[in-house]
Amino acid sequence: YVRQVSPAATTQYSITEVGDVNCSDTGTGTATITIRPLPTATITGTTSLCIGDTTELSVALTGTSPFSLEFSDGFTANNIETSPYVRQVSPAATTQYSITEVSDVNCSNTGSGNAKITVNLLPTATISGAATICFGDSTDLSVALTGTAPWSVTFIDGFIKENILESPYIRTVSPISTYKYEVTNVSDSNLCNNDGTGFARVTVRPLPTATITGTTSICAGENAELSVALTGTAPFSLEFSDGFTANNIETSPYIREASPEQTTEYSITEVSDLNCSNTGSGTATITINPLPTATITGTTSICAGENAELS
């Protein structure tokens, strides 16, 4: 005779009486059913991380080692001797982990708890704004951002902007020479970091120069030459302090004939080349010396042989 039993605790069974069609008696022997506790596995480790990073799941175990574990993502671990068991994970997307089965040396069970790993995408920062400017001018760089505000952006020249709340971020720059701007690092509110992409080359054109010379003295009505030494990219335009302008100048120096009516100091108020504008340097003073005069008087009548005076 076979009896199915499922005691809740360790139990010893015996036959207290047996009877057949004629007689009765007590049974012999005992059967002890020893109940072993089920192993347990409780998982913890809920956290957030940046994609590509690693975190730990911890599984607290009870029972008799060695243990075996099967996780909800199909990963298995065997011959575990100590508790807790720690597993390193680096999911590509947000994942909730649980223990689908735990086994010890005697029994098997399902695990308890879950650990949700929230995977945050890396922020991105794409710079643009290539431009050509004249020395001393400024231009705007634009940085398009993705991720979760606020952001912090570090540029290749060491400039750092923190607590950026909107995309794109606009930075105004005025380099003293041609410079290639890049974003070396971007971080967002999830504490995720990434390299920036792209670059913006700001080309700085030198300012043209115009240096005037020609200080001299002349007589009234004469001409004098003013010389203007030019640097930059032709053609040039010049504006003088007396309002005179000269355009489409192809060579340096530029020579101007001047015939002022009175002593005059000349300077260059503006010089422009193909790219930029600037103020000139130097002065040239033309001093006007008045012409000498001689006025003769002494009209008179005299007799032959006499003298008269002319003044």
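Note: hydrogens, waters and symmetry copies are ignored here, and every other heavy atom, side chains too, is used. In what follows, residues are counted from 1 in the order of the sequence shown.
- Contact check for Thr216 versus Thr287: no side-chain heavy atoms found under the 4.5 Å cut-off.
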Exercise for review: Run the numbers on Tyr97 and Arg87 for side-chain contact (heavy atoms from CB on, under 4.5 Å), then give the verdict.
Suggested key: CA-CA 11 Å; Tyr97 294 88; Arg87 175 187 170 190; 4.0 Å; yes
Practice item. In sequence, state the C-alpha distance, the side-chain angles, and the governing distance for Ser83 and Thr62, and then conclude on side-chain contact (heavy atoms from CB on, under 4.5 Å). Key: CA-CA 8 Å; Ser83 175; Thr62 68; over 6 Å; no
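- Atom CD of Glu306 has more than 12 neighbouring heavy atoms from other residues, nucleotides or ligands inside a 6.0 Å radius.
- In this structure, a donor-acceptor pair under 3.5 Å is absent between the side chains of Ser103 and Ser68.
- Across all their heavy atoms, Cys50 and Leu122 have their closest contact at CB-CD2, 3.9 Å.
- A donor-acceptor contact closer than 3.5 angstrom links the side chains of Thr209 and Thr231.
- Just one residue in the list Thr46, Asn114, Thr118, Ile117 forms a side-chain contact (heavy atoms from CB on, under 4.5 Å) with Gln96, and that residue is Asn114.
- Hydrophobic clustering places Leu226 together with Ile288 (ILVMFWY residues linked when any side-chain heavy atoms are closer than 4.5 Å, directly or through intermediates).
- Heavy-atom contacts from other residues, nucleotides or ligands closer than 6.0 Å to CD of Glu261 number 12 or fewer.
- With a 6.0 Å radius and a threshold of 12 heavy atoms from other residues, nucleotides or ligands, Ile176 has its CD1 atom at or below the threshold.
- Under the 6.0 Å distance and 45° angle rule, Arg201 does not count as a cation-pi partner of Tyr179.
- Linking Ile, Leu, Val, Met, Phe, Trp and Tyr whenever their side-chain heavy atoms come within less than 4.5 Å leaves Val202 and Phe199 in two separate clusters.
- Side-chain contact of Thr211 with Ser281: a donor-acceptor pair under 3.5 Å is present, judged by distance alone.
- Under a 3.5 Å cut-off, the side chain of Asn190 and the backbone N or O of Cys192 do not form any donor-acceptor pair.
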Point to revise | side-chain contact (heavy atoms from CB on, under 4.5 Å) between Ile133 and Ser138, worked out | key: CA-CA 7 Å; Ile133 63 173; Ser138 61; 5.9 Å; no
Exercise for review: Just do the side-chain contact (heavy atoms from CB on, under 4.5 Å) check on Lys161 and Ser152 with the steps written out, would you?
Suggested key: CA-CA 6 Å; Lys161 179 62 178 179; Ser152 176; over 6 Å; no
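- Remark: the Ser189 side chain and the Thr148 side chain contain no N/O donor-acceptor pair separated by less than 3.5 Å.
- Atom OG of residue Ser311 and atom CD1 of residue Ile296 lie 8.5 Å apart, to the nearest 0.5 angstrom.
- Both cation-pi conditions hold for Arg171 and Phe155: the charged atom is under 6.0 angstrom from the six-membered ring centre and inside a 45 degree cone around its axis.
- Remark: the backbone N or O of Thr285 is paired with a side-chain donor or acceptor of Thr215 at under 3.5 angstrom.
- The two residues Ala200 and Ser128 come nearest to each other via the heavy atoms CB-C, 3.8 Å.
- Neither side chain, Ser241 nor Thr269, offers a donor N or O lying under 3.5 Å from an acceptor on the other.
- In the hydrophobic clustering of this structure, Val153 groups with Phe159; members are Ile, Leu, Val, Met, Phe, Trp, Tyr whose side-chain heavy atoms approach within less than 4.5 Å, directly or through other members.
- Following chains of ILVMFWY side-chain contacts shorter than 4.5 Å, one can reach Leu69 starting from Val89, so the two form part of one hydrophobic cluster.
- Under the 3.5 Å distance criterion, the side-chain polar atoms of Thr95 are matched with a main-chain donor or acceptor of Ala93.
- Leu230 and Phe244 fall within a single hydrophobic cluster, where Ile, Leu, Val, Met, Phe, Trp and Tyr are joined by side-chain heavy atoms under 4.5 Å apart, directly or via other members.
- The number of heavy-atom neighbours closer than 6.0 Å to CD of Glu250, taken from other residues, nucleotides and ligands shown, is above 12.
- Judged purely by distance below 3.5 Å, without hydrogens or angles, the side chains of Thr178 and Thr203 never pair a donor atom with an acceptor atom.
- With a 6.0 Å radius and a threshold of 12 heavy atoms from other residues, nucleotides or ligands, Glu309 has its CD atom at or below the threshold.
- Judged by distance alone, with hydrogens and angles left aside, the side-chain atoms of Asn109 form a donor-acceptor pair with the main-chain N or O of Pro39 at under 3.5 Å.
- Annotation: Ile35, atom CD1; neighbour count of heavy atoms from other residues, nucleotides and ligands within 6.0 Å is above 12.
- The minimum heavy-atom distance between Cys276 and Leu207, with the atom names listed, is CB-CD2, 3.9 Å.
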